[in-house]
Amino acid sequence: MGILHSDKLIVGYDLGNRFSQISFALSETGDVETLSMVAGSQNYNIPTVLCKRYGANQWFFGREALRYAEEEQGVLVENLLELALDGEPVIIEGETFNPVALLALFFKRSLGLLSSVGSPDKVTAIMITCPTMDRRMMDVLGEVVDGLNLKSDRVFYQSHTESFYDYMIHQPKELWTQRVLLFHYREKDVKTYCMECNRRTTPVVTFVEEQEFLFTEYPGLENQDDEVFGEIARKACGEELVSCAFLIGDGFAGEWLKESLRFLCQGRRVFQGNNLFSKGACHGMQERLQETEEGKSHVFLGKDKLKANIGMKILRNGQDSYYALLDAGGNWYEAETEMEFYLQDGNSFEVMITPLIGKNAKTAVITLEDLPGNIARLYMKVYMESESKMTLEITDLGFGEFRLPSEKSWTESVDIYEKE
């Protein structure tokens with residue numbers, strides 16, 4: 001690739017069900033490049049597939065897997081991400097395989113492609129981005145990473161939405177003075193992302209709104225993709241100013257974009273490609289390692305962000321004090337904490353929830369039924385089960401020599417936002 005080998009690799013990995021991509025930088029502030037599957041081309045897609053050779057424990061991945069399958073030399077395993085999320089065992093030639101282990105094998109083999117720019121064991125940090133992030137996705141990705149011998153404190157996760165934001169704040173500012181649109185073509189449907197900054201706030205609050213448009217929602221225009229996409233583009237643009245638009249996905253390949261593209265280019269800059277998410281993930285990892293001025297002056301409040309501060313009042317050194325449990329602004333699926341505390345005079349305590357915007361503060365009372373004794377030492381794990389639901393898992397640890405642990409435990413779920 002014409003790039004010198006490096007002792008440091010910062011990686012953005014876009015893990016998709018059909019295709020994956022790998023972008024990288026050689027430093028926290030270096031340019032971000034994307035691995036190409038064909039030297040000198042912009043062929044970035046790595047098919048997310050494996051192929052097991054017939055009668056042998058020999059596995060191939062990506063394009064090589066497709067070739068062996070086409071030559072009928074092995075069994076092709078597709079939809080690896082979907083299989084891992086489902087969790088059902090995969091049967092190949094009568095043998096049962098763990099679907100997460102298969103995804104981990106693909107991930108490890110594909111990371112080996114970095115050998116063209118540096119040794120894969122020099123990966124300093126990696127950001128994995130997927131179309132969506134939730135608790136199940138985090139569990140699967142955690143299992144995948146565990147088998148890679150990577151430093152887990154340098155592995156992070158984010159959705160495509162946040163990768164879009166990270167990509168944009170590392171572009172020339174004139175491209176995002178107004179709204180920015182991203183059109184992602186995905187097999188006869190288009191997902192749009194609209195990024196907008198509220199420059200009246202400090203720091204500047206940035207939102208990304210998402211919509212999905214199905215080509216089948218436009219009857220009478222079958223096989224007229226240019227007209228359908230033109231309608232989608234007009235709806236997405238609306239009446240407000242748009243600085244630029246990005247068209248990503250293989251569906252935009254070919255010569256069919258004519259009138260729709262002509263509309264988009266009216267007063268806007270338009271870019272076409274397919275490696276935005278992996279580059280955005282790499283920029284996001286760089287930002288975590290060394291924050292830029294744009295990163296400091298902007299805060300992203302996407303749907304994946306926890307939009308409330310959560311804590312409890314405690315007595316510390318004889319003084320009333322606030323103890324933060326979960327802080328607003330981080331990804332909800334990464335929000336988690338553990339603590340031990342003493343509870344006296346009763347079997348309940350309060351958790352305070354303070355939303356950032358548009359909601360009233362609330363207090364959740366957590367009652368521990370049948371808690372033995374008048375004083376207890378408790379272990380508590382707090383995490384977000386979804387973007388709006390918090391779960392508390394509490395275990396009685398007893399009270400030293402005075403009372404043995406009762407082995408009682410409680411699980412409470414709390415809606416952190418008031419229902420509309």
S.K.: Measuring from atom CD1 of Ile314 to atom CZ of Phe349, what distance do you get when rounded to the nearest 0.5 angstrom?
M.R.: 12.5 Å
S.K.: With a 4.5 Å limit on heavy-atom distance, are the side chains of Glu340 and Arg377 in contact?
M.R.: yes
S.K.: Any carboxylate oxygen within less than 4.0 angstrom of a Lys/Arg side-chain nitrogen, looking at Glu293 and Lys296?
M.R.: yes
S.K.: Rounded at 0.5 Å granularity, tell me how far CG in Leu83 sits from CG in Leu85.
M.R.: 9.0 Å
S.K.: Over all heavy atoms of both residues, which pair between Ala65 and Phe60 is shortest? Give the atoms and the distance, please.
M.R.: CB-O, 3.5 Å
S.K.: Evaluate side chain to side chain donor-acceptor pair (under 3.5 Å) for Glu393 paired with Tyr383, printing each intermediate quantity in order.
M.R.: CA-CA 9 Å; Glu393 297 177 353; Tyr383 60 91; 2.9 Å; yes
S.K.: Supply the atom-to-atom distance Trp332 CH2 to Ile416 CD1, rounded to the nearest 0.5 angstrom.
M.R.: 10.5 Å
S.K.: Only one of Phe277, Tyr193, Phe164 passes ring-ring contact (aromatic ring centres under 6.0 Å, His included) with His184; say which it is.
M.R.: Phe277
S.K.: Compare all side-chain heavy atoms of Asn274 with those of Gln21 and state whether any distance is below 4.5 angstrom.
M.R.: yes
S.K.: In this structure, is the centre-to-centre distance between the rings of Phe229 and Phe263 below 6.0 Å?
M.R.: no
S.K.: My understanding is that only residues two or more places apart in sequence, or in another chain, count here; which of them pass salt bridge (Lys or Arg N to Asp or Glu O under 4.0 Å) with Glu294?
M.R.: Lys173
S.K.: Under the side chain to side chain donor-acceptor pair (under 3.5 Å) definition, can you give me all pairs with a residue in residues 91-113, not counting sequence neighbours?
M.R.: Tyr13-Ser110, Lys52-Glu93
S.K.: Can a salt bridge be assigned to the pair Arg186 and Asp189 using a cut-off of 4.0 Å between side-chain N and carboxylate O?
M.R.: yes
S.K.: Quick one: side chains of residues 233-244, donor-acceptor pairs under 3.5 Å with protein atoms, not counting sequence neighbours, listed by atom name and distance.
M.R.:
| unit_1 | atom_1 | unit_2 | atom_2 | d |
| --- | --- | --- | --- | --- |
| Arg234 | NH1 | Gly230 | O | 3.3 |
| Ser243 | OG | Thr177 | OG1 | 3.3 |
| Ser243 | OG | Gln178 | N | 2.7 |

S.K.: Indicate whether the side chain of Asn309 and that of Thr354 have a donor and an acceptor atom separated by less than 3.5 Å.
M.R.: no
S.K.: Is any side-chain heavy atom of Leu264 less than 4.5 Å from a side-chain heavy atom of Leu257?
M.R.: no
S.K.: Do you know the tightest heavy-atom contact between Met37 and Asn45?
M.R.: CG-O, 3.4 Å
S.K.: Show me the side-chain donor-acceptor pairs of residues 22-29 shorter than 3.5 Å, one per line, residues at least two apart or across chains.
M.R.:
| unit_1 | atom_1 | unit_2 | atom_2 | d |
| --- | --- | --- | --- | --- |
| Ser23 | OG | Thr34 | OG1 | 2.8 |
| Ser23 | OG | Ser278 | OG | 2.7 |
| Ser23 | OG | Lys279 | N | 3.4 |
| Ser27 | OG | Thr29 | N | 3.4 |
| Ser27 | OG | Gly30 | N | 2.9 |
| Glu28 | OE1 | Lys8 | NZ | 3.4 |
| Glu28 | OE2 | Lys8 | NZ | 3.2 |

S.K.: Report the residues that fulfil ring pair (Phe, Tyr, Trp, His ring centres under 6.0 Å) with Tyr333, sequence neighbours left out, ordered by chain and then residue number.
M.R.: none
S.K.: Flag the pair Val32 / Gln286 as yes when at least one side-chain heavy-atom distance between them is below 4.5 Å, and no otherwise.
M.R.: yes
S.K.: Would you call Arg135 and Glu336 a salt bridge, taking side-chain N to carboxylate O under 4.0 Å as the test?
M.R.: yes
S.K.: I need the Glu385 CD to Leu392 CG distance, nearest 0.5 Å.
M.R.: 11.0 Å
S.K.: Could you list the residues that satisfy ring pair (Phe, Tyr, Trp, His ring centres under 6.0 Å) with Tyr342, not counting sequence neighbours?
M.R.: Phe399
S.K.: Between Thr206 and Met168, is a side-chain contact (heavy atoms from CB on, under 4.5 Å) present by the stated rule, with each step listed?
M.R.: CA-CA 11 Å; Thr206 307; Met168 287 311 307; over 6 Å; no
S.K.: Could you give me the CA-CA distance, side-chain angles and deciding distance for Tyr323 and Phe341, then say whether ring-ring contact (aromatic ring centres under 6.0 Å, His included) is met?
M.R.: CA-CA 11 Å; Tyr323 185 86; Phe341 64 100; 9.0 Å; no
S.K.: Name the one of Phe183, Phe246, Tyr167 that satisfies ring-ring contact (aromatic ring centres under 6.0 Å, His included) with Phe271?
M.R.: Phe246
